[in-house]
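Just so it is clear: chains get the letters A, B, ... in the order the sequence lines come, proteins before strands, and each one is counted from 1.
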2 protein chains.
Amino acid sequence: MSKKNALQTVPCESCPLRKLDTLREFDEDELAFVKTFKHGELTIGPGAPIVMEESNSPHLYTVLQGLAFRYKTLPDGRRQILNYAMPGDLVGLQSSVFDAMNHGVEALTDMLLCVFPRDRLWSLYTKRPSLAFDVTWLAAREEQLLDEHLLTVGRRTALERVAFVIWHLYRRGRSVGLVTANKIVLPLTQQHLADTLGLSLVHTNKTLKKLRATGCIAWADRVLEIRDQDKLLEIAQMEDTEEARRPFI
Amino acid sequence: MSKKNALQTVPCESCPLRKLDTLREFDEDELAFVKTFKHGELTIGPGAPIVMEESNSPHLYTVLQGLAFRYKTLPDGRRQILNYAMPGDLVGLQSSVFDAMNHGVEALTDMLLCVFPRDRLWSLYTKRPSLAFDVTWLAAREEQLLDEHLLTVGRRTALERVAFVIWHLYRRGRSVGLVTANKIVLPLTQQHLADTLGLSLVHTNKTLKKLRATGCIAWADRVLEIRDQDKLLEIAQMEDTEEARRPFI
DNA sequence: CGCGATTTTGAGAGCCGTCAAGATACGTGG
DNA sequence: CCACGTATCTTGACGGCTCTCAAAATCGCG
């Protein structure tokens, strides 16, 4: 344990997340506690599993850098992507609260994760109720994102779905500083999009083409550009809502 | 407040939920706290809204009796049912953690709800960390259910979906004592099923007919009977997992 | 340059949605 | 007790959105 601490490259005081003004500040006590809570760091590359379906991870993570996705699969291999994890997001809470994961998480880019031991989550509840509340906040927000995603997959048309997921990723990326000049680097495959939206790869490709033809987006070489935000939102049947300031651990 | 307390018909000591052996016990301190946390009761009938989309409820509820559903709608009226609330489930956590709801909840039967004031949730975190942990547990479980639901709507076929939702409701009902002789009263309309599964009403009806034809279920007069559990599970592409013991507030 | 991964395009089938109408059930008022 | 209206369920016809199959084009990389 202490060895791992010695390997930490990013002390909590200079955690890159603290620079994001969408994330709330810690007070001194909270910062001190988080430092003792932090157990190490994990660096992994694209395609690497962070947690596996059906396995039982002893860790809880906060994303410091990079992008990952959460997914479930059926016995015959059909895959559904549930959500994406971006900087500031908590990964693996389910395994800390239950005993198993029931979903997998896989990295899309090089990632830097902050590692917490799950068996000390309880001490966070007894010693730092404000942070415990933040954990609940994060869980409730994940639930909210899933609600919206379920509405999309269940009730939106293919074109609306593609527009939705693009806007969703853009908006979340924007809130953590990943957007410059209406552009964001999205290392997603069309297969990922398809698995996110409950569509086939072929149909996703054709629908994406149609969306490009409207001129409201451009997407090539892993770079997504939003050219007409209002039109995109109209197609997706949604409204632009600025993200509230949010906590992180 | 004190007036409302006078109207309480069910003191916490004899809360009907405590009889369910799938729910965990309170210790004395927890019980004492919950008694002060409880603010009153709410009785409503079928079709009544418990919380409205886009509104901001000052309350948090625990279902004591009855069945409700959580949903979201698009501007043009398309509706997606997100989940069902059964005895022991917490309703309205999102509005306690954020400021708005973003989803509606509507009763399907006569319901009895235990009412908590949302502005006292914080005191639960500072005074009773074990209960705070339980709230997180419940939020994480809701997330788990949404994960499974999203996989279903995104990647299962119509027949698999119908089998899934039937099994899902049966299994959850079973864990709270609603099942007798493989039968459960389900006051759902086929429109509810359709909105749960992301299917049209007509196609849901035809798929349900096909499922009935396999002989593994019977459903008439709001009573669902499971006649061949193994076959149903096979059709739904899932496994029977017993629910773990769970907390409630 | 060659190979695997990804993207694109076309063709045809089929699952599922929409439209429409009839049947059944249920509650209400006469 | 019957008439009637509303909600729900059922069924058929038809269209189209989306899937699968298949192959070509493009890209990334050693």
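Within the 4.0 angstrom heavy-atom criterion, no nucleotide atom of any strand lies near L201(B). Using a 4.0 Å heavy-atom cutoff across all strands shown, G47(A) reaches no nucleic acid atom at all.
The distance between atom NZ of K210(A) and atom C1' of dT18(D), rounded to the nearest whole Å, is 11 Å. We find that CD of Q191(B) is positioned 13 Å from C1' of dG17(C), with the value rounded to whole Å. Regarding R78(A), its CZ atom lies at a distance of 14 Å from the C1' atom of dT20(D), rounded to whole Å. In this entry the distance linking NZ of K209(A) with P of dT6(C) reads 21 Å, nearest Å. Atom CZ in R161(B) sits roughly 10 Å away from atom C1' in dC16(C) (whole-Å rounding). The distance between atom CG of D221(A) and atom P of dT6(C), rounded to the nearest whole Å, is 15 Å. Atom-to-atom, CG of L208(B) to C1' of dT8(D) comes out at 13 Å; the value is rounded to the nearest Å. L199(B) has its CG atom 17 Å from the C1' atom of dT10(D), to the nearest Å.
Between Y170(B) and W167(B), a ring centre-to-centre spacing shorter than 6.0 Å is recorded.
The V202(A) side chain lies nearest to dC21(D) when the options are dC19(D), dC9(D), dC21(D).
Listed for the R174(B) side chain is no donor-acceptor partner under 3.5 Å among the backbone atoms of T180(B). Counting only distance, with no hydrogens or angles, the side chain of R172(A) and the backbone of Y84(A) share a donor-acceptor pair below 3.5 Å.
Taking only side-chain nitrogens and oxygens, N205(A) never comes nearer than 4.0 Å to OP1 or OP2 of dT7(C). Dashed line: the shortest gap from a side-chain N or O of Q190(B) to OP1 or OP2 of dT10(D) is under 4.0 Å.
With hydrogens and angles left out, the side chain of K206(B) and the base of dG17(C) share no donor-acceptor pair within 3.5 Å.
N83(A) and E142(A) are linked by a side-chain donor-acceptor pair at a separation below 3.5 angstrom, with hydrogens and angles left out of the test. R171(A) and T241(A) share a donor-acceptor pair across their side chains, judged by distance under 3.5 Å alone.
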